[in-house]
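I have placed the structure first, in the form of structure tokens, so that the comments after it can refer back to it.
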Amino acid sequence: MSETAERRDGAPALPEAEVRVRGAPSLVWLIPLLALAIGAWLALKTLSEQGPTITVRFPSAAGLQTGKTKVKFKDVEVGQVTTIDVSQDLDSVIVTAELKHGSAHLLNAETRFWVERPRVSASRVSGLETLLSGAFIALDPGSSGASQRDFVGLDEPPLFTTDAPGTRFVLRAANLGSLNIGSPVYYRQIQVGQVVGFGLEDDASAVRIELFIPAPHDALVSAETRFWNASGVDISLSGAGISLDTQSLVSVLLGGVAFDTPDTIAGSGARAQPLEVFPLYPNREAAHARTYAAKSHYLLLFEGSVRGLSIGAPVMLRGIEIGQVLDIQLQFDPEAETFRIPVLIEVEPERIALRETEHVPDHAHMLERLVELGLRAQLKLASLITGQLYVELDLDPEAPAAGLGRYGDYVVIPSRPTPLEALAGKLERILSRLEQVPFEQIGADLGQTLGRVREVVDSGVLSQLGEDLEDTLASLRGLAEQLDGEVAPALRGTLEEARATFAHAGAMLDPEAATTREFRTMLRETAEAARAVRDLADYLERHPEALIQGKGGLR
């Protein structure tokens, strides 16, 4: 617009703005754009360098602090605790921690966390360095598994980490005994490992014990290795004396496991696989005992007392153990109105070697033949001190004829009474025979006879007999003097001998002679013996058990 232009109403015209179009934006906008770019770059860098965030559930937060407690792996800081909260169920605390960038590969389903703090137990001392530095959360990365961010912390530190070289094995036992986590594992009395865990089997039929043996000692375990409980002190008494077996004082206090590979076992010698299951034997003797795969079950029926027989008692044949007792029951037979005791035994037939012949019978036919030859089962005393019994199988050629029987699903081997029962039966038969002997009548008749003999001695009949003999000798002497010829001297000698004989007999029959006194003493002692016999008969009639226990055993 022109500056001299005028308005229509005669007033001077106003100036008009002139619009000019610029060719480039203003430099002012570069400052916010640059700030935005820097902010985005810092945000992206922060996000890219930020590590994973995890949550770990612990029973308590003792020793943990927000913003101070570190997360460490092999004493290297890999994160820090950011928050500590109480769980909704109030049973635990939830610790949130941020790990450094590049720690994601440490987190998987097998990763373990625990709080490292000072701990003192009977098996070990750990975490003493935290007395000055404070507690921290230790991390042990797992070897496999899917990526994970939520974990449950361990109550106690693990005994070995995932990267520790070695092998884990599993033992199966009837009970745990004195074993515990941290109990040592010995090989030839050298500690080469330890117990790292235990628990019940899924069906609760046994205890599952986990061992860890570091390298290179894990190579000592083969498929034929035997493990046994080395806890406490094993004392045994034998004919050679007292045997004391223990691994160390630590095993006495904490329990322990020992293992070895017996030379008597034939095997491949192949190295055991990780987590391979082995049975745990109660002691070294049981572990080294030779085992057999074939086992046969038989039933024995006893009618007498089996006191002293227990489950696990040995079954012996000619002094060699071939099995053991598995079960003992007490049954009543209503039809026979009597008790009987079935005893289930387990026999390892392979313990009985068969001599190689053209026709080798199997064990079933061999057992049937042995029973025909008199094989019987009998309970015998194993120890006079403890009163323990065992089952003895042996041949008795005089045993009554019998054969194998059946009782349910089991084959019944004939049995015979125990030696004590047999002795009691013999004594019972003796007592029954003694009851039939008329001791009272015998004593009475013997007394009457002795009385009559005493009357004859006291009546002087023997003295009169001596006098009559003297008169007869005198008559014979007179007759001899009247005889002449050759007969007289011979007859005279005979009469003299007869006279000497009768004189000696008269001297013996004299009431004051020693022979007569001895005869009277004999009669008196005989009378006393008869009286003692009567007393014995009366005592046995009142106390027949004295034949077994003796008179001193009565109270």
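- By the 4.5 Å heavy-atom criterion applied to side chains, R406 and V411 are counted as neighbours.
- Counting only heavy atoms from C-beta outward, the side chains of I137 and V56 never approach each other to under 4.5 Å.
- No more than 12 heavy-atom neighbours from other residues, nucleotides or ligands sit within 6.0 angstrom of CD1 on I320.
- Note that CZ of F151 and CZ of F113 are 5.0 Å apart. Values are rounded to the nearest 0.5 Å.
- A pairwise comparison of heavy atoms in L275 and E210 identifies CD2-OE2, 4.5 Å as the closest pair.
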Trace of the side chain to side chain contact (heavy atoms under 4.5 Å, CB included) decision for V412 with L300:
CA-CA 6 Å; V412 179; L300 311 176; over 6 Å; no
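- Using a 3.5 Å distance cut-off with no hydrogens or angles, the side chains of T55 and T96 do not pair a donor with an acceptor.
- Listed for the T261 side chain is no donor-acceptor partner under 3.5 Å among the backbone atoms of E224.
- Using a cut-off of 4.0 Å between Lys/Arg side-chain N and Asp/Glu carboxylate O, R226 and D260 are scored as not salt-bridged.
- The pair R271-D218 meets the salt-bridge criterion, with a side-chain N (NZ, NE, NH1 or NH2) lying under 4.0 Å from an Asp/Glu carboxylate O.
- By the 6.0 Å contact criterion, CG on D333 is enclosed, its count of non-hydrogen atoms from other residues, nucleotides or ligands being greater than 12.
- In this structure the side chain of D327 reaches within 4.5 angstrom of the side chain of Q329, judged on heavy atoms.
- Atom CG in L99 sits 11.0 Å away from atom CD in Q80 (nearest 0.5 Å).
- Of the inter-residue distances, the one linking I94 atom CD1 with I84 atom CD1 reads 11.5 Å to the nearest 0.5 angstrom.
- The shortest heavy-atom contact between D155 and P59 is OD1-CG, 3.1 Å.
- Between H297 and Y410, the two ring planes are tilted [angle within 30° to 60°].
- Closest of all the heavy-atom pairs between G153 and F58 is CA-CE2, 3.6 Å.
- By the 4.5 Å heavy-atom criterion applied to side chains, I209 and L176 are counted as neighbours.
- The distance from the OG1 atom of T69 to the CZ atom of F136 is 11.0 Å, given to the nearest 0.5 Å.
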Between T225 and F169, does a side chain to side chain contact (heavy atoms under 4.5 Å, CB included) hold up when you go through it step by step?
CA-CA 11 Å; T225 297; F169 302 102; over 6 Å; no
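- T53 places none of its side-chain heavy atoms less than 4.5 Å from the side chain of R149.
- The closest side-chain heavy-atom distance from L404 to Y298 is not below 4.5 Å.
- To the nearest 0.5 Å, the span separating CZ on R369 from CG on L367 amounts to 12.5 Å.
- In this structure, V277 and L171 have side chains that are not in contact, with every pair of non-hydrogen atoms separated by 4.5 Å or more.
- Residues W228 and A287 approach most closely at CE3-CB, 3.7 Å, considering heavy atoms.
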Verdict with supporting geometry, V221 and T167, side chain to side chain contact (heavy atoms under 4.5 Å, CB included):
CA-CA 10 Å; V221 182; T167 308; over 6 Å; no
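- Between P52 and S103, the closest heavy-atom pair is CG-C, 4.3 Å.
- Using a 4.0 Å cut-off between charged side-chain N and carboxylate O, E348 and K295 make a salt bridge.
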Evaluate side chain to side chain contact (heavy atoms under 4.5 Å, CB included) for W114 paired with E156, printing each intermediate quantity in order.
CA-CA 7 Å; W114 67 93; E156 296 289 337; over 6 Å; no
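- In this structure, the separation between CG on L139 and NZ on K74 is 11.5 Å, given to the nearest 0.5 Å.
- Between Y390 and A382, the shortest heavy-atom contact is CD2-CB, 3.6 Å.
- Between L393 and I322 the shortest side-chain heavy-atom distance falls below 4.5 Å.
- The closest donor-acceptor contact from the side chain of E201 to the backbone of D203 lies at 3.5 Å or more, if one exists at all.
- Between the side chain of N180 and the backbone N or O of S183, no donor-acceptor pair lies under 3.5 Å.
- Listed for the R168 side chain is no donor-acceptor partner under 3.5 Å among the backbone atoms of V196.
- More than 12 heavy-atom neighbours from other residues, nucleotides or ligands sit within 6.0 angstrom of CD on Q331.
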